[in-house]
Amino acid sequence: PLFEALSMQVAEITIAGPGFINIRLSDQTIFDQALAAPSTKLQTFAGQTVVSEYSDPNPFKVLHAGHLYTSVVGDAISRLIQAAGGEVHAVNFGGDVGLHVGKTMWAIVQDVGGEKPELLQNIAPAERAEWMAKKYVVGTQAYETDEQAKTQIIELNKRVYQVHAEGDTDTPFAQMYWTCRQWSYDYFNEFYARLGTAFEKYYPESQTAPIGVATVKEQLAKGVYQESDGAIVFVGEPYGLHTRVFINSAGLPTYEAKDVGLMMAKWHDYHFDKSIIITGNDIIEYMKVVLKSIEQFAPEFVQRTTHLTHGQVKLEGGVKMSSRKGNFLRAVDVLDAAAKANKQATGRDDEQAVLGAVKYAFLKQRIGPDIIYNPEESVSLEGNSGPYLMYAHARARSILAKAASPEYMAGDEGFELQPLERSLARDIARYPQVVQKAVTDLMPHHICTYLYELAQTFNRFYEKNRVIGDPREAQRLVLVALYADVLKDGLQLLGIVAPNRL
RNA sequence: GCACCUGUAGCUCAGCUGGAUAGAGCGUUGGCUUGCGGAGCCAAAGGCCAGAGGUUCGAAUCCUCUCAGGUGCACCA
C-alpha cells in the first residue's frame with residue numbers, strides 16, 4: 001500500500017551522481033500540497049501554556065531602540081507559538097522600584113521644588129515621558145558626581161520600597177511616585193498599541209521583589225544561597241559560573257532576587273509548560289546564574305525555560321551613543337527615521353507601511369547578533385523589504401479582484417503544470433515546513449527569507465504568464481490566490497498587516 | 001585574566017542538527033518590458049566562507065588553536 005501511495009505521487013526517480021537520488025513528485029501531488037499549505041495547522045505547542053516575556057522596559061525611563069526591537073521579535077515569536085497551537089501569555093517585567101527610580105525621583109523632587117505632588121500637574125501630558133527621561137539622566141549624573149545627592153538617592157530608593165511595603169498612597173512623596181509610575185505605564189501602553197502588540201500582564205518589580213526575597217531567604221536556610229559580606233549570594237563557581245548578589249547588604253533585593261520572584265510568580269499564575277524570556281545578549285551570563293540558582297530548588301521551572309537573546313540595534317552610519325548622557329537611540333527615533341524615509345520614498349504618510357518596514361527590517365535578520373538598521377532600505381519598495389511584500393500581496397489581490405473566484409477541479413487525469421507554475425506551486429507547498437522550522441528554532445527570520453523568495457518566484461511566473469483570459473486561467477488563479485493567502489498569513493505571523501490595497 | 005557572542009561578495013545579510021556548482025538584497029555594468037498594479041524580469045562582474053590545523057568519503061557548517069571586533073564578570077538594572 002505504501003508503494004502504491006508513493007507511485008501515485010512520484011513522477012520520476014533518477015540517479016543523480018554519486019550518492020544522490022532525485023525523486024520528482026507528480027504535478028498533482030505538488031498542486032495538492034500547495035492547496036493545503038495556507039491552512040496547515042502545526043502542533044508543536046498544541047495544548048501547551050506558554051509564557052512569553054519580552055520588551056521589559058523600566059518605568060521612569062525612556063523606551064529605547066532595544067525595546068522596540070525586542071517588542072517586535074517577541075510579538076513575532078508569540079505569534080509563531082500561537083500558530084503552532086500554543087496558548088501564549090505575553091508578559092512584561094519592569095523595574096518600578098530600584099536605584100534608577102531613586103535617581104529619577106530625586107531629580108523630580110529637585111526639579112519641581114520639593115515633595116509637592118500638585119506641582120506635577122504643570123507637566124503637559126505629551127511631555128511627561130520625555131520629562132521623566134531627562135530627570136533620570138540628571139539623577140544619574142548627580143549620583144556619580146555628588147556625594148550628598150548619592151546619599152539622598154539611596155535613601156529615596158529605600159523609601160520607594162517602603163511605599164510599596166506599607167501600601168502608602170497618601171504621603172506627598174508616595175503620591176508623586178504613584179503618579180509618575182502611572183505616567184510610565186500610560187506611555188508604554190500607548191507605544192505597544194501603536195506597534196499592534198499587547199501584554200496580558202505587567203510584572204512590576206515591586207510585586208516580584210517580596211516574592212523573590214521570601215524565596216531566596218527560604219532557600220538560604222536550605223543552603224542554596226549563602227551569606228557573604230552581609231549580602232546574600234549564589235556561588236556560581238562550582239557550576240562554571242560566577243557569584244552574584246541576590247539581596248544586598250542593605251537588605252534590599254537586587255535584580256537577581258526580583259527575577260527569582262518573577263519566575264515564582266509566573267509559575268503561580270500560569271503553571272506554564274514553557275517559559276520564554278527574550279532579552280539582550282548582555283545578560284546571558286547573568287541569566288545563567290539566576291537560572292542555575294533556581295534549578296537547585298525548582299529544576300522543572302528551569303527545564304521549561306528558554307532564554308532567547310538578541311543583539312543591539314544600531315543605525316547605519318553609526319551614531320555614538322551614551323546612555324549616561326541620555327543621547328542613545330530611542331524607540332521613537334527609529335520610528336521617526338523610518339517615517340521620514342518613507343515620506344521621502346513614497347510622498348505619503350503611511351503608519352502601517354512604516355511599521356511593516358521597521359518590523360520586517362528587524363525580523364528578517366537572525367536573532368542574535370547586533371542589527372544595523374537602515375531606514376531608507378527598510379522602507380524601499382524594491383528589494384527585500386516589508387513594503388515590497390505588502391505591495392506584492394496587494395498586487396496579487398488586485399488580480400484576483402478582476403476575476404471570478406477560482407474553482408479548482410480535483411482529480412483531472414493527466415494534470416500537468418508548466419515549469420513556472422510548478423516552481424510557484426512548489427514554493428507555496430513549502431510554506432508549512434518553513435513555519436515549522438521557524439517554530440522549532442523560534443526564529444522568525446526563516447519566514448522572511450521564505451516570503452521574499454516566494455515573491456520572487458511569483459514575479460518570474462507572472463512575468464511570463466498571463467492569468468486572466470488565458471486558457472489556463474482556472475488553475476493559475478488558484479495559484480495566485482494561494483500565493484496571496486500565504487503572503488498574508490506569513491506577514492501576519494510577523495505582526496505585519498497586509499492590506500488588499502495600498 | 002576568565003567566560004560568552006560574532007567574523008560569508010564593496011555594504012547589509014541568508015545558508016550552520018555536514019552533502020551536489022556557497023545564495024539574496026542594495027550598489028555597479030548591460031539587456032528586456034505598448035499588457036492583469038513593471039515597485040518587475042533576464043544577464044554580467046564581484047568569494048582563500050577571518051587564518052591555521054584536525055575529524056570525515058565529504059566541512060561555510062563539527063573539534064582545537066590563533067587573530068580581529070563586541071559583551072559580561074558582588075552588592076546597578
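Here is the naming used below: chain letters follow the sequence lines, and residue numbers restart at 1 for every chain.
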Looking at [N], which nucleotide sits across from it as a Watson-Crick or G-U wobble partner, both distances under 3.5 angstrom, or is there none?
{"N": "B/U34", "result": "none"}
{"N": "B/U21", "result": "none"}
{"N": "B/U64", "result": "B/A52"}
{"N": "B/A14", "result": "none"}
{"N": "B/G1", "result": "B/C73"}
{"N": "B/A43", "result": "B/U29"}

[X] has a side chain; which of [options] sits nearest to it?
{"X": "A/Asp282", "options": "B/U17, B/G72, B/G25", "answer": "B/G72"}
{"X": "A/Glu382", "options": "B/G25, B/C26, B/G37", "answer": "B/C26"}
{"X": "A/Asn58", "options": "B/G25, B/A77, B/A39", "answer": "B/A77"}
{"X": "A/Glu256", "options": "B/A20, B/C41, B/A77", "answer": "B/A77"}
{"X": "A/Tyr286", "options": "B/A77, B/A14, B/G25", "answer": "B/A77"}
{"X": "A/Gln365", "options": "B/C13, B/A77, B/C41", "answer": "B/C13"}
{"X": "A/Asn459", "options": "B/U12, B/C36, B/G40", "answer": "B/G40"}
{"X": "A/Tyr452", "options": "B/U17, B/G25, B/C73", "answer": "B/G25"}
{"X": "A/His445", "options": "B/A14, B/C13, B/A77", "answer": "B/A14"}
{"X": "A/Lys464", "options": "B/C41, B/A74, B/G37", "answer": "B/C41"}

Length of the line joining [X]:[atom1] and [N]:[atom2], which is rounded to integer Å:
{"X": "A/Asn465", "N": "B/C41", "atom1": "CG", "atom2": "P", "value": "14 Å"}
{"X": "A/Glu463", "N": "B/C32", "atom1": "CD", "atom2": "C1'", "value": "8 Å"}
{"X": "A/Lys402", "N": "B/C36", "atom1": "NZ", "atom2": "C1'", "value": "6 Å"}
{"X": "A/Leu502", "N": "B/A39", "atom1": "CG", "atom2": "P", "value": "13 Å"}
{"X": "A/Asn374", "N": "B/C26", "atom1": "CG", "atom2": "C1'", "value": "9 Å"}
{"X": "A/Ile284", "N": "B/C5", "atom1": "CD1", "atom2": "P", "value": "7 Å"}
{"X": "A/Tyr225", "N": "B/A74", "atom1": "OH", "atom2": "P", "value": "18 Å"}
{"X": "A/Tyr391", "N": "B/A39", "atom1": "OH", "atom2": "C1'", "value": "5 Å"}

**OP:** Report the C-alpha distance between A/Leu442 and A/Leu80 in whole Å, list the side-chain angles of each, state the deciding distance to 0.1 Å, and finish with yes or no for side-chain contact (heavy atoms from CB on, under 4.5 Å).
**Re:** CA-CA 8 Å; A/Leu442 295 176; A/Leu80 279 174; 5.6 Å; no
Taking only side-chain nitrogens and oxygens of [X], does any of them come within less than 4.0 Å of OP1 or OP2 of [N]?
{"X": "A/Arg366", "N": "B/G15", "result": "yes"}
{"X": "A/Lys364", "N": "B/C13", "result": "no"}
{"X": "A/Lys288", "N": "B/A3", "result": "no"}
{"X": "A/His393", "N": "B/G37", "result": "no"}
{"X": "A/His446", "N": "B/G15", "result": "yes"}
{"X": "A/Gln456", "N": "B/G25", "result": "yes"}

Subject >> Which residue lies more 5' along RNA chain B, comparing A/Arg466 with A/Ile367 via nearest heavy atoms >> reply: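 Residue closer to the 5' terminus by nearest nucleotide: A/Ile367.
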Original post:
Start at the 5' end of RNA chain B and walk down; is the nucleotide closest to A/Asn500 or to A/Asp229 reached first?
Top reply: A/Asn500
Subject >> Salt bridge flag under 4.0 Å for residues A/Lys340 and A/Asp333 >> reply: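 Salt bridge flag = no for A/Asp333 with A/Lys340.
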Original post:
With a 4.0 Å cut-off, would you call A/Arg460 and A/Glu463 a salt bridge?
Top reply: no
Original post:
Which of these passes side-chain contact (heavy atoms from CB on, under 4.5 Å) with A/Thr140: A/His100, A/Lys103, A/Lys135?
Top reply: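 Only one of A/His100, A/Lys103, A/Lys135 forms a side-chain contact (heavy atoms from CB on, under 4.5 Å) with A/Thr140, namely A/Lys103.
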[N] and [M]: how far apart are their [atom1] atoms, nearest whole angstrom?
{"N": "B/C62", "M": "B/U17", "atom1": "C1'", "answer": "11 Å"}
{"N": "B/A60", "M": "B/C48", "atom1": "C1'", "answer": "12 Å"}
{"N": "B/G58", "M": "B/G18", "atom1": "C1'", "answer": "8 Å"}
{"N": "B/U61", "M": "B/U6", "atom1": "P", "answer": "14 Å"}
{"N": "B/U55", "M": "B/G47", "atom1": "P", "answer": "31 Å"}
{"N": "B/U29", "M": "B/C65", "atom1": "P", "answer": "47 Å"}
{"N": "B/C11", "M": "B/C5", "atom1": "P", "answer": "25 Å"}
{"N": "B/A45", "M": "B/G25", "atom1": "P", "answer": "15 Å"}

Original post:
For residues A/His67 and A/Tyr192, is any side-chain donor paired with an opposing acceptor at under 3.5 Å?
Top reply: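 Per modelled atom types, A/His67 and A/Tyr192 side chains form no pair under 3.5 Å.
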**OP:** Say whether A/Thr306 and A/Lys274, considering side chains only, have a donor N or O and an acceptor N or O under 3.5 Å apart.
**Re:**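 Judged by distance alone, the side chains do pair up.
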Original post:
Is the number of heavy atoms from other residues, nucleotides or ligands within 6.0 Å of CD (A/Gln148) greater than 12?
Top reply: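 No, not enclosed.
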Subject >> Ring-on-base stacking B/C36 with A/Tyr462 (under 5.5 Å, under 30°) >> reply: yes
Just to be sure I understand the rule, does [X] reach a base, reach only the sugar-phosphate, or reach nothing, if contact means heavy atoms closer than 4.0 Å?
{"X": "A/Glu285", "answer": "sugar-phosphate"}
{"X": "A/Glu205", "answer": "sugar-phosphate"}
{"X": "A/Ser398", "answer": "base"}
{"X": "A/Ser228", "answer": "base"}

**OP:** Assert yes or no for the condition that the ring centre distance of A/Tyr255 to A/Tyr286 is strictly below 6.0 Å.
**Re:**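 Yes: the rings meet the under 6.0 Å criterion.
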Subject >> Side-chain donor/acceptor of A/Ser249 to base of B/A74, under 3.5 Å >> reply: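 Looking at the base of B/A74, it does not pair with any donor or acceptor on the side chain of A/Ser249 (distance under 3.5 Å).
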Subject >> Chi-based syn or anti call at B/A74, which uses purine or pyrimidine torsion atoms and a 90° bound >> reply: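 Chi for B/A74 falls in the syn range.
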Original post:
Is there side-chain contact between A/Glu421 and A/Leu479, with heavy atoms separated by less than 4.5 Å?
Top reply: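 A/Glu421 reaches A/Leu479 side chain to side chain.
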